[in-house]
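What follows is a set of notes on a single structure, which appears directly below.
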Amino acid sequence: MPYRTGKETLLSRLGIEEMNPASALGDGSWRAGVGGFASIDPALGEPLAMVQRALPDDLEVLIANASRSFRHWREVPAPVRGLLVRDLADALRRQKDDLGTLIALETGKIKAEADGEVQEMIDIADFAVGLSRRLEGSVLASERRQHRMIEQWHPLGPVAVITAFNFPAAVWAWNAMIAAVCGNPVIWKPSPKAPLTAIAVQRIVDEVAAQHAATGIFSLILSDEHWPVQQLATDGRVPLVSFTGSSAVGRLIAPLVAARFGRCLLECSGNNALIVDASADLDIALPAIVFGAVGTAGQRCTTTRRLIVHRQRWDETIERLIQAYRQLRIGDPLDPQTLLGPLIDEEARRAFVAAVGETQESGGKLLHGGAVLGGHGFYVQPTLMQSENTWPVVQRETFAPLLHAMPCRDIDEAIQLNNAVPQGLSSALFTLDLRHAERFLAAAGSDCGIANVNLGTSGAEVGGAFGGEKETGGGREAGSDSWKAYMRRQTSTTNWGNKLPLAQGINFSAPSTKTPAEP
Ligand code: UN1
């Protein structure tokens, strides 16, 4: 493949070897593991490199290390912690092209989106630098005279960040950049489907951290086995577990963390709908639908999976969409002309085939695509089906470019359909009707964590809080005040007077505690 010439030099520039070590302590040192698992280039179905498997003892060392580093890092002033993150943002700017290419190679997402992912890392790092000077608390009104009541935020401790293959770097950055300025070490457990991106990021981080004498703040554990997640979920030294992945796995992790009174930040499955209202401007709705449904080969948690179209606009929308789908360039993710790359692996392709089959068995109509592509790699056609919202296959998240379209009568039915799934991440409405837009955004409107008007379901900026309700898990990451999840809140009242008034006006005088009168 022409775009893969120079692959070896790119990998070695990023510090990737043929066989890579299993864990990084965050002080520049790496530990070997046992055996190995392959990172596969999904466009070719061939291994890019191998990674050793960590052992439980490696994770024990990482957690002990992070706990030790925490005792130092929590006392570094937050704006000074921000300086490390600032330099990290600059290092990422310098490496954006290389890192973007590696992400495209390893995940199969197109180069433009892979570069966008690195940009997202830079954006959240910039956000975190600003935040490092604004970790503010409140001054509250005390009911007692000469009392001052404040609320302040303290670092929490080591944070486990468990990430998925589809955003193998940006989701770590959302968590790690914020956690670090908040004063927490981060232990990263990336998806075994994208370990090389994690290794490359760790090498960049190691270099910057060394310049700031910040050791043990960012560490990494690599494995294709389940035990590291289990161990992180159950270890009381890890007060926060941030997990991005399926609701099925989130459902297993959350009770383990809760059982030890730890905190979980869940960013699980989405089943996002885009509504085309009667008044929608299709010139902007159509590109939003195509990017939402086909971008990242339908493997974003924010991917548009359901299309709810006002019946007056049905024919026009479907026709134009099929036309757009026909013109989509499928191919090498590194070819700048490509808009649709491969799925991550054969298992994902099987899930796609099964979902298309199940939709047809339920009575669904295939409007476009539906097939896998022959040859190398894990390619499928962008697929549009007419489906019903209640079918189990529509109620589930299938990580593939499979869009279920369904007609609706009016905005009320559209909102009802939008909400009638177990997940609640993202939603979008295209309308020129102010009343419909407001209804969609009101309390009885979309029940999702993200509700957009005249833009699509995917492609959120980092400045807003990112996450969703119901089986999406309720967590919020990235911007706004998501940082509060990475800190502990302390309410502190100081009495600067010479009396001890009790709250609620309680009179509790104990005469014997008074200073005795002078003889
Ligand atoms: C994800 O798919 O897990 O809003 C994250 C978006 C991206 C992030 C997606 N900024 O689509």
Side-chain angles (χ1 to χ4, degrees), residues 92 100 103-104 106-110 112-128 161-178 188-191 193-194 197-198 242-250 265-274 287-305 339 341 343-344 348 397-401 403 423-428 446 448-453 455-469 471-480 482:
L92 290 167
I103 292 172
E106 193 172 39
T107 66
K109 70 168 74 175
I110 62 170
E113 289 189 72
D115 287 349
E117 168 154 13
V118 183
Q119 188 56 48
E120 198 160 342
M121 301 174 82
I122 297 166
D123 293 344
I124 193 67
D126 285 351
F127 181 93
V161 177
I162 302 163
T163 55
F165 76 85
N166 63 334
F167 274 81
V171 171
W172 168 80
W174 288 354
N175 285 279
M177 299 301 95
I178 302 291
W188 185 9
K189 161 65 181 71
S191 161
K193 294 175 186 174
T197 300
S242 172
F243 169 76
T244 301
S246 69
S247 299
V249 178
L265 203 168
L266 295 177
E267 212 261 274
C268 301
S269 303
N271 193 352
N272 319 295
L274 185 152
I289 299 165
V290 177
F291 178 68
V294 175
T296 325
Q299 300 171 112
R300 290 189 187 216
C301 52
T302 51
T303 290
T304 307
R305 307 201 178 279
L339 288 179
L343 290 176
I344 187 69
E397 178 190 55
T398 301
F399 239 41
L403 180 61
Q423 310 81 358
L425 179 55
S426 188
S427 56
S446 166
C448 296
I450 298 170
N452 293 334
V453 175
L455 67 153
T457 60
S458 68
E461 306 173 16
V462 298
F466 183 92
E469 306 302 336
E471 291 189 7
T472 303
R476 290 298 184 276
E477 292 172 330
S480 184
S482 306

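Quantities reported herein were computed from a predicted structural model and do not represent experimental measurements. In listed order, ligands and their atoms are each counted from 1.
- For A460, a nitrogen or oxygen atom sits less than 3.5 Å from a nitrogen or oxygen atom of ligand 1, counting backbone and side chain alike.
- Distance from atom 10 (N) of ligand 1 to its nearest protein heavy atom, with residue and atom name: E120 OE2, 2.9 Å.
- Here is the list of ligand 1 atoms found below 4.0 Å of a heavy atom in W174: 5 (C), 8 (C).
- Remark: of the listed residues I124, I178, D126, I124 is the sole one forming a side-chain contact (heavy atoms from CB on, under 4.5 Å) with V462.
- Shown in contact with G459 at under 4.0 Å from a heavy atom are these atoms of ligand 1, numbered in order with element: 4 (O), 6 (C), 11 (O).
- Using modelled atom types, one finds a donor on one side chain and an acceptor on the other under 3.5 Å when comparing S242 with N175.
- Here E461 has no heavy atoms under 4.0 Å from ligand 1, in either its backbone or its side chain.
- When only interatomic distances are considered, the shortest N/O to N/O separation between T302 and ligand 1 falls below 3.5 Å.
- If you check the side chains of T472 and Q423, you find no donor sitting under 3.5 Å from an acceptor.
- One side chain, T304 or T457, offers a donor N or O that lies under 3.5 Å from an acceptor on the other.
- Remark: K189 is not positioned above the aromatic ring of F243, lacking an NZ or CZ atom under 6.0 angstrom from the ring centre and at most 45 degrees off the axis.
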| request: Evaluate the side chain to side chain contact (heavy atoms under 4.5 Å, CB included) criterion for residues F466 and R476: first the C-alpha distance (whole Å), next the side-chain angles of each, then the deciding distance (0.1 Å), finally the verdict. | output: CA-CA 5 Å; F466 183 92; R476 290 298 184 276; over 6 Å; no
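- Any N or O atom pair closer than 3.5 Å counts here, and S458 shares no such pair with ligand 1.
- Here's the thing with F167: none of its N/O atoms is less than 3.5 angstrom from an N/O atom of ligand 1.
- By the 4.0 Å heavy-atom criterion, Q299 is excluded from the residues contacting ligand 1.
- With hydrogens and angles left out, the side-chain atoms of D115 and Q119 include no donor and acceptor closer than 3.5 Å.
- The shortest N or O to N or O distance between C301 and ligand 1 is below 3.5 Å.
- Listed by number with element, the atoms of ligand 1 under 4.0 Å from a non-hydrogen atom of R300 are 2 (O), 6 (C), 7 (C), 11 (O).
- Those atoms of ligand 1 that come under 4.0 Å of a heavy atom in E267, given as number and element, are 3 (O).
- At least one N or O atom of N166, backbone or side chain, sits closer than 3.5 Å to an N or O atom of ligand 1.
- Between the side chains of E471 and S247, no donor N or O sits under 3.5 Å from an acceptor N or O.
- A donor-acceptor contact closer than 3.5 angstrom links the side chains of E120 and W174.
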